[in-house]
Number of protein chains: 2
Amino acid sequence: MTDGVNWLTAEEQHAWRSFVRLHERLIGRLSHLLQTESQLASADYAVLVNLTDVPDGRQRYQDLARALEWEKSRMSHHLARMIRRGLVVREECADDGRGAFAVITEAGREAIAAAAPLHVQAVRSLFLDHLTAAELRTLAEVSVRVVGKLDEGA
Amino acid sequence: MTDGVNWLTAEEQHAWRSFVRLHERLIGRLSHLLQTESQLASADYAVLVNLTDVPDGRQRYQDLARALEWEKSRMSHHLARMIRRGLVVREECADDGRGAFAVITEAGREAIAAAAPLHVQAVRSLFLDHLTAAELRTLAEVSVRVVGKLDEGA
DNA sequence: GACAAGTAGTTGACGTGTCATATAGAAAGA
DNA sequence: TCTTTCTATATGACACGTCAACTACTTGTC
């Protein structure tokens with residue numbers, strides 16, 4: 001390494017590129033499918049899933065943001081768009097004058113009910129179906145470990 | 001399955017979510033790092049890497065788009081931005097009046113030369129360093145296989 | 001109570017990607 | 001050659017995320 005840089009080996013480069021390509025394709029296909037078949041982007045889907053898992057389909061902006069690991073600004077922008085589309089409504093918070101709740105609407109419930117089976121089916125047919133159980137386990141382990149390292153600031 | 005949907009098991013859901021989270025985090029960190037340390041987004045990086053691998057640092061828009069698997073429109077928009085920033089220049093094509101070449105500039109070469117070691121180092125420290133050789137191999141295999149299936153139209 | 005500090009959410013500007021459409025040149029057929 | 005059709009790139013509108021202010025409310029702390 002005359003230039004002092006520990007360049008990637010052919011295997012490393014291949015693995016890295018394949019991994020990145022996999023994700024781009026997979027997510028691309030999945031979100032395109034979701035969008036065209038159910039008019040929901042994956043971000044909408046994530047928000048709606050969260051809201052259906054919570055009493056009254058009602059959750060504070062900040063809690064939603066924490067749950068999805070989104071920036072509050074992103075949440076604010078995105079909920080504004082979802083409100084415009086009638087998927088959720090905003091409710092003021094009595095306890096805290098600054099706060100707000102997002103509440104899923106009937107239209108939101110219908111949208112997620114229609115989208116969820118599609119989504120699950122797509123995750124299976126585009127991804128899970130092509131992995132062995134052992135591979136899936138390895139993948140999960142690796143993912144958890146690396147995310148852990150990233151969170152430690154690695 | 002009374003509702004006819006083959007919902008994900010807890011393991012499948014965990015694996016899928018971890019995998020998605022991994023990618024979001026990893027790519028997020030990597031592009032943030034690249035952006036702040038070298039003023040290049042990963043898209044810029046990809047374009048410049050391609051141009052340095054090609055004679056005279058010169059390539060047709062369409063060939064770049066094919067190589068990166070980008071839509072032509074994306075390439076056109078992105079190159080316009082890179083031209084504005086002085087990383088590449090546009091050259092008309094003598095053979096084909098419709099065509100155009102993107103040519104890397106000196107500034108582009110400097111930018112990629114500065115960014116590449118950073119990028120490699122980050123891929124190592126954020127990702128490769130946390131995987132065993134066997135895991136990396138599995139990951140590459142899975143990635144290649146699934147991308148293959150996606151391309152077949154699965 | 002008053003004032004500093006912190007917190008919840010908003011806003012606007014900007015870069016990026018997608019889609020649909022437009023323009024202009026190339027190729028193919030009559 | 002003339003016309004149809006195809007191809008290379010551009011363009012404009014829009015959705016999405018990020019960043020950096022900003023507003024308004026809350027929570028100390030004195």
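Chain A is the first sequence line, chain B the second, and so forth, proteins listed ahead of strands; every chain is numbered from 1. No experiment lies behind these values; they were computed from the predicted model shown.
Nearest nucleotide to the A:D44 side chain, out of D:dC16, C:dG9, C:dT16: D:dC16.
Residues A:W70 and A:V47 meet the side-chain proximity criterion, which asks for heavy atoms closer than 4.5 Å. Side chains of B:I104 and B:Q59 form no contact here, defined as non-hydrogen atoms less than 4.5 Å apart.
Ring geometry, B:H23 versus B:F19: the interplanar angle exceeds 60°, so the pair is classed perpendicular (tilted spans 30 to 60°).
The base of D:dT9 is not paired with the side chain of B:R98 by any donor and acceptor separated by under 3.5 Å.
Residue contacts shown for A:R84 are absent, as no nucleic acid heavy atom lies under 4.0 Å away.
When the C1' atom of D:dA10 is taken as reference, atom CD1 of B:I83 falls 12 Å away, rounded to whole Å. For the pair B:Y61 OH and D:dT11 C1', the computed distance is 13 Å after rounding to whole Å. C:dA8 atom C1' lies 17 Å from atom CD of A:E91, rounded to whole Å. Distance CD (A:Q35) to P (C:dA20): 11 Å, rounded to an integer number of Å. A:E69 places its CD atom 16 Å from the C1' atom of D:dG17, with the value rounded to the nearest Å. We find that CG of A:D95 is positioned 12 Å from C1' of D:dT26, with the value rounded to whole Å. Summarising the geometry, the separation between CG on B:L34 and P on D:dT18 is reported as 16 Å, rounded to the nearest angstrom. When rounded to the nearest whole Å, the span between CE of A:M75 and P of D:dC16 equals 13 Å.
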Tabulate atom names and distances for all N/O pairs under 3.5 angstrom spanning the protein and nucleotides 17-19 of chain C.
unit_1 : atom_1 : unit_2 : atom_2 : d
C:dG17 : OP1    : B:R74  : NH2    : 2.6
C:dG17 : OP2    : B:H78  : ND1    : 3.4
C:dT18 : O4     : B:H77  : NE2    : 3.2
C:dC19 : OP1    : A:H32  : NE2    : 3.3
C:dC19 : OP2    : B:E71  : OE2    : 2.9
C:dC19 : N4     : B:S73  : OG     : 2.9

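Side-chain atoms of A:R124 come within 3.5 Å of backbone N or O of B:W7 as a donor-acceptor pair.
A donor atom on one side chain and an acceptor atom on the other are not found under 3.5 Å apart for B:H77 and B:R74.
In the displayed structure, B:R90 atom CZ is contacted under 6.0 Å by more than 12 heavy atoms of other residues, nucleotides or ligands.
Residues A:R60 and B:G97 both approach DNA chain C. Their nearest nucleotides, taken by heavy-atom distance, put A:R60 toward the 5′ side. Place B:D96 and A:K72 on DNA chain D by their nearest nucleotides, and B:D96 ends up nearer the 5' end.
A:S76 has no side-chain polar atom (N or O) that falls below the 4.0 Å cut-off from OP1 or OP2 of C:dG9.
Salt bridge present: B:R25 and A:E69 bring a charged side-chain N and a carboxylate O closer than 4.0 Å.
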